[in-house]
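A quick note: this is a predicted structure, and the numbers were derived from the prediction, not measured.
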Amino acid sequence: MGLIKQQSIKSSILIYIGFAFGAVNMLILGPKILGPELLGLTRIITDAGITLATLSTFGTIPVIYKFFPFYNDYLSSKKSDLPAITGFICLSGFILVCIIGYFSQDIIVRKYSEKSPLFVEYSYLVYPFSFFMLAFMWLESFGWSFRLSVLTNGLREILPRIFFTILTLLLSVSFLSEQQYLLFFSFSYLLSGVLLYRFLRKSGKFAFTFKLSNVTRRLKPRMVNFGLFIFGAHFLNLLARTIDTFILASVSKGGLADAAIFTIATYVVTLMEVPQRSLNSVTIPILADAWKNRDLPKISSIYNKSVSNLLVIGLAMLILFVLNSGNLEQFLGDKFYGVSFAILIIGIGKLIDLGTGANTQILGTSSYWKVDFTTTAIYTLLALPLNYVLISKYGIKGAAYSSLISICFYNLMRFGFLYYKFKLQPYTLKNLLVVVIAFVCGLCAYLLPFMLNIYIDSIIRSVLFILLFIPVIYRFNISEEINTSITSMLKRVKK
């Protein structure tokens, strides 16, 4: 776990820097400069672009993760045809998606013209956003396989957000028109993709050849089968997680404005994903090797430690969000009413997701990857109608409830399968203890009376919770990795 811990910490730092820029964008610049409708438009362009980019891959991304160790073991980089073949499939997929999108334009007009006419006007910008997102996703998969997760996380999480900050500030001083702003926004991942491509090429590990290798000939049936199933699972998973934005924009009373409110709540909760994202980028290639070598004890160790670490961090962050969500809603103003409730409900769902550890990565890299598809298909079949019914009736609250119900059921299925098939059970009494500790410490901070203004109040509540929570977690040694990190920091402070 040494490599995982080291790269996870570095990746987390970079991702948090990116999220700091994102917090400024989403909580300050976006609401104050863009307003609810334009902010909601940038969100729906992003969600639609990512969805189409994922669809365009046709399963090549999980194929790279799963089968790269075989290419790496048996072929030199110059003879590996994996980059060329997967790149060609991604490009072909994008062309097909564009053709389908062109003939589906009437559907967008019918669904969004009443509640979100601005999206109808600028829907064409989804395609350049999707193309550059697709290119980056493809390059990123090789970056992860080369164990360059720190670099790829920096390029994914920091550069696009800095770009958004600059664009929004230029719009605020009227240097850019609204149309120019949205056009440049659709190029958000262009610079990240170019820089990553240049780095991979200079490394000497990333080359192109269309001559089929013996590895491809031998593994092609397995790769196609695996890629299509995992692609279906990942696409359905993404669709289930982003469909709320599309439904809010089309049927909710507030249209794009409601989508913006839900986006802010989702963004705040997404901060809880930072440790999970950095852990995923490091553990995927290691888990792939472990399954290849049938090293179940190593997989079990990763599973157990992922739960211990993510649950502690997730609990701490959720309670901090809940303690400060009322102040955040007051800061944003009446146009963003309802964001605090959405943060609470979505946050509970995300905590459950974190508390099940690396189950998705374990399933996705195993020989039982078809279960990944099956559970995700069930998850999506539940989430789609649930979202539509609850959003139509309850608006933003309905979207939050749907997210919570779906994610609970989804993780319960995966946990059950891993326990049934491999007897993998990552929980101990310490996991229950950390829930009790977090609740008690959070309650102490919550019961404080309001302090002067929203800024001072937030600082005092947050500091009090942290001062109570961290020493108790350290004292009970809930997570060895967290304790080691705290001890290391204390030694540096003493020096």
Side-chain angles (χ1 to χ4, degrees), residues 49-99 130-149 151-153 155-156 189-190 192-238 280-281 284-285 287-289 291-292 361 364-365 369 372-373:
I50 294 173
T51 301
L52 293 185
T54 303
L55 182 60
S56 300
T57 65
F58 284 130
T60 55
I61 305 302
V63 165
I64 294 170
Y65 297 147
K66 174 71 174 177
F67 293 95
F68 178 83
F70 295 95
Y71 283 84
N72 193 47
D73 285 349
Y74 297 108
L75 295 172
S76 66
S77 58
K78 291 183 179 180
K79 293 183 178 180
S80 175
D81 52 341
L82 190 62
I85 292 174
T86 54
F88 177 76
I89 294 173
C90 287
L91 183 59
S92 302
F94 179 74
I95 293 172
L96 180 59
V97 164
C98 289
I99 294 172
S130 177
F131 175 77
F132 294 117
M133 183 78 245
L134 170 65
F136 183 81
M137 289 167 57
W138 171 65
L139 293 167
E140 181 187 42
S141 63
F142 284 99
W144 284 17
S145 297
F146 296 150
R147 308 210 176 169
L148 300 173
S149 58
L151 171 68
T152 57
N153 283 330
L155 292 175
R156 173 186 277 271
Y189 283 87
L190 171 61
S192 295
V194 170
L195 291 176
L196 182 53
Y197 175 78
R198 288 177 59 86
F199 187 90
L200 291 177
R201 291 289 287 173
K202 286 186 176 180
S203 70
K205 300 178 182 179
F206 188 69
F208 293 94
T209 176
F210 282 96
K211 183 179 180 181
L212 287 181
S213 65
N214 291 329
V215 175
T216 299
R217 291 191 182 95
R218 188 172 69 253
L219 297 178
K220 184 172 67 172
R222 290 174 56 191
M223 292 168 69
V224 172
N225 197 19
F226 173 83
L228 290 177
F229 268 93
I230 297 299
F231 159 70
H234 286 187
F235 179 73
L236 290 173
N237 186 293
L238 177 63
N280 291 348
S281 62
I284 283 176
L287 284 169
D289 278 334
W291 280 118
K292 174 175 168 285
Q361 291 69 44
T365 53
W369 40 264
D372 188 38
F373 173 81

Reported CG-to-CG distance for the pair Leu155 and Leu196, which is rounded to 0.5 angstrom: 5.5 Å
Closest heavy-atom pair and its distance - Met137, Ile61: O-CD1, 3.7 Å
Do Phe206 and Tyr197 make a side-chain contact, defined as non-hydrogen atoms from C-beta onward lying under 4.5 Å apart? yes
With a 3.5 Å distance limit and no angle check, can you tell me whether Ser192 reaches the backbone of Arg156 through a side-chain donor-acceptor pair? no
Which atom pair, heavy atoms only, marks the closest approach of Lys211 to Asp81? O-CB, 3.6 Å
Which residues pass the side-chain contact (heavy atoms from CB on, under 4.5 Å) test with Leu190, not counting sequence neighbours? Phe132, Phe187, Val194
Let me check something: any side-chain donor-acceptor pairs from residues 85-98 under 3.5 Å, sequence neighbours excluded? List them with distances.
from  : atom 1 : to     : atom 2 : distance (Å)
Thr86 : OG1    : Leu82  : O      : 2.6
Thr86 : OG1    : Pro83  : O      : 3.2
Thr86 : OG1    : Trp138 : NE1    : 3.0
Ser92 : OG     : Phe88  : O      : 2.9

Starting at OG1 of Thr60, measure out to CE of Met223 and round the result to the nearest 0.5 Å. 10.0 Å
Working to the nearest 0.5 angstrom, can you tell me the gap between Leu219 CG and Asn214 CG? 10.5 Å
Sequence neighbours left out, what passes side chain to side chain donor-acceptor pair (under 3.5 Å) with Arg198? Give chain and number order. none
Which heavy atom in Ala53 sits nearest to a heavy atom in Ser130, and how many Å separate them? N-OG, 3.2 Å
What are the two closest non-hydrogen atoms of Leu200 and Leu139, and how far apart are they? CD1-O, 3.7 Å
